[in-house]
Amino acid sequence: MAEMAVQGSARDRQIEHAPALPPLVGDYESRRRTFSWEVARSWLQGDEAGHLNLAHEAVDRHASGPLADTVAIRFLDRAAPTTELTYRQLGERSDVTATALRLLGIRPGDGVCTLLPRSPELYLTVLGTLKAGAVYCPLFPAFGPEPVVERLRLGHIRLLVTDSLSYTRKVAPQRASLPDLEHVLVTDADQSGEDGAPEGTTAWADALGAGETAYDPGTFAVAPTRPDDPALLHFTSGTTGKPKGAVHVHEAILAHHVTAEFALDLRPGDVYWCTADPGWVTGTSYGILGPLSCGVTIVTDAADFDARRWFRILQDERVTVFYTAPTALRMLMRAGVGLAREHSFPQLRHVVSVGEPLNPEAVVWGLEAFGLPVHDTWWQTETGAIMVSNFPGMPVRPGSMGRPVPGVDVAVLRQGADGRAEVVDGTVRVLGPGEVGELALRPGWPSMFRAYLDDPDRYAKAFADGWYLSGDLARTDADGYVWFIGRADDVIKSAGHLIGPFEVESALMEHPAVAEVGVIGKPDPLAGEIVKAFVTLKVGHEPSPALARELIAFGRHRLGSVAPREIAFDQALPHTRSGKVMRRLLRARELGLPEGDLSTVETSVSTSASTSATTSAS
Ligand code: 6R9
């Protein structure tokens, strides 16, 4: 725990230097007093029989009526002209997509994945899948073949929408190991069959064409889903074992909507840009569902990060609310405040951050670059929606994540020896202001995850004494602001993306020279953390910069963007007595921190014998 304590006090020091910032607009206190989820439910439309469909709630309410001809999504793409869909068009096109999926045999409860860049096909698949009553599961397009195939398999996915290249490179070689995967639609072929879609796939255009022919707006019906039926499956990473499939239900839309309104201040007339990829939870909850439910115009860009392009989008699209991540803000900062000042953003009301610790410098930089303080939000894949936020309407405390969302109870629980909340006779201890412990939430909001797919034990372990345990360490202050300290486990956050060390270690273990691997997050000024792997070689293999480079390439080929960026050879990795590599100790050594309690280290290997052959990817 020593490393966490040191990180925490480093943050505190920064915070003392940060100036006070002016309040935003609104009234948190009265919202918190008057809000209840029961009352908020009146926003939901549903039907008399109690059915509720997430996509219907998000889109169809605006597809007729005053916002019907408002642009719902504008698709920017460096390589193609901008296209857009109004709410009316989005409502109808997602009906057609649902019809196409039904024609292919997709039934309520079936899993549907996308492996796509930010394109109209992605957004239509999300909404069409939900309207068909099937379960939507996003895949991050920068994943390599292993994470893709693993998630398709674990999710029992029946239909995948992707492009020919991703299919041929990442899925086709292992298609035989995916018996549930019946259909693959490819978006870049205009016809199936010869010279069209790759073998084993169908052209999206053909499937949608069939949907179009069969679609009758007079008789089309959205699937009669129940509020508690599964709607979304989001894979997230834990410290051990396989990725965890967090299951969210249709009524989650109520939390997406309420938090998009409270924390992001979204309303009709807003032009909103969320830079998170829909492959991650932020990109669906707040890149698609929450904002659509608020009737805003979403701007989405298929291109990768480019500071000048981003400032230009903020300016030219007249973005009013910008939701992004600290890594992106640091990359904008690096381009210099001068570049920001070449542009003007008179429409911009809020710059909001999520996913990793927001350094007070970035908050202050926001003031210089945008004339606005960046305000932070905290939540997780499991919570489905923002849980803690610096709300418009209360003073931003730079360095703090803010205060609980109305309707959400937050507590800090006393830690045990393993850093997680201590449970004694089934009870936990709630700590007072200033004390560091595990951040916990009292379940009861609609976007709470309802299961880890096929893993009830892991789900049960996420709760104690009626609290959901977040795995994060935090403290509160006397006014109830929540301050992030660090993670209580070994999960890595790189550029805002959660990476499970076990998944990375398992992939590297497949290299013939590798005997054992321990993977940690190494602090990085831009990405927050990068993945660093400590590798023990098999007899007959010698550490060398060439082998390190080979391992980095090997990792990247299999894992894609979650691969290690740095390799160090270590013939004596520290182990617990039960034989697990002690990542915490590797990390403490890497950071030059006290090694803490070594009582569980296996004595024969407790002294480091790391060779200095560290190689970084460029
Ligand atoms: C939405 C999302 C969740 C983990 C979370 C924490 C970290 C998120 C943060 C933050 C510091 C913030 N995290 N927001 N850390 N300050 N404002 O990111 O979901 O990918 O599941 O990650 O991200 O460690 O536990 P997910």
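Only a predicted model underlies this, so the values are computations on that prediction, with no experimental measurement involved. What's counted below: heavy atoms across the whole structure, side chains too, no hydrogens, waters or symmetry copies. Both ligands and their constituent atoms are indexed starting at 1 by order of listing.
- Only one option out of His257, His256, Glu57 pairs with Ser293 in a side-chain hydrogen bond (donor to acceptor under 3.5 Å, both in side chains); it is His257.
- In this structure, the ring of Phe322 has its center no less than 6.0 angstrom from the ring center of Phe345.
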Just distance, no hydrogens or angles: give the donor-acceptor pairs under 3.5 Å from side chains in residues 134-150, sequence neighbours left out.
residue : atom : partner : partner atom : Å
Tyr136  : OH   : Thr114  : OG1          : 2.5
Glu146  : OE2  : Arg558  : NH1          : 2.7

Ligand-protein N/O pairs under 3.5 Å (ligand 1):
residue  : atom   : partner : partner atom : Å
ligand 1 : 13 (N) : Gly355  : O            : 3.3
ligand 1 : 14 (N) : Gly355  : N            : 3.2
ligand 1 : 16 (N) : Glu356  : O            : 3.3
ligand 1 : 17 (N) : Asp376  : OD1          : 3.0
ligand 1 : 17 (N) : Asp376  : OD2          : 3.1
ligand 1 : 17 (N) : Thr377  : O            : 2.7
ligand 1 : 18 (O) : Lys493  : NZ           : 2.9
ligand 1 : 19 (O) : Thr381  : N            : 3.4
ligand 1 : 20 (O) : Lys493  : NZ           : 3.4
ligand 1 : 21 (O) : Thr381  : N            : 2.8
ligand 1 : 21 (O) : Thr381  : OG1          : 2.5
ligand 1 : 22 (O) : Lys493  : NZ           : 2.9
ligand 1 : 23 (O) : Gly355  : O            : 3.4
ligand 1 : 23 (O) : Lys493  : NZ           : 2.9
ligand 1 : 24 (O) : Asp472  : OD1          : 2.9
ligand 1 : 24 (O) : Asp472  : OD2          : 3.2
ligand 1 : 24 (O) : Arg487  : NH1          : 3.2
ligand 1 : 25 (O) : Gln380  : NE2          : 2.8
ligand 1 : 25 (O) : Asp472  : OD1          : 3.0
ligand 1 : 25 (O) : Asp472  : OD2          : 2.9
ligand 1 : 25 (O) : Arg487  : NH1          : 2.9

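- Contacts of Arg414 classified as side chain to side chain contact (heavy atoms under 4.5 Å, CB included), with partners at least two apart in sequence or in another chain: Glu422, Arg429, Leu431.
- Between Tyr468 and Phe449, the angle of the ring planes goes over 60°, which puts this pair in the perpendicular group of the 30/60° scheme.
- Partners of Trp379 according to the ring pair (Phe, Tyr, Trp, His ring centres under 6.0 Å) rule, which considers only residues two or more places apart in sequence or in another chain, are Tyr286.
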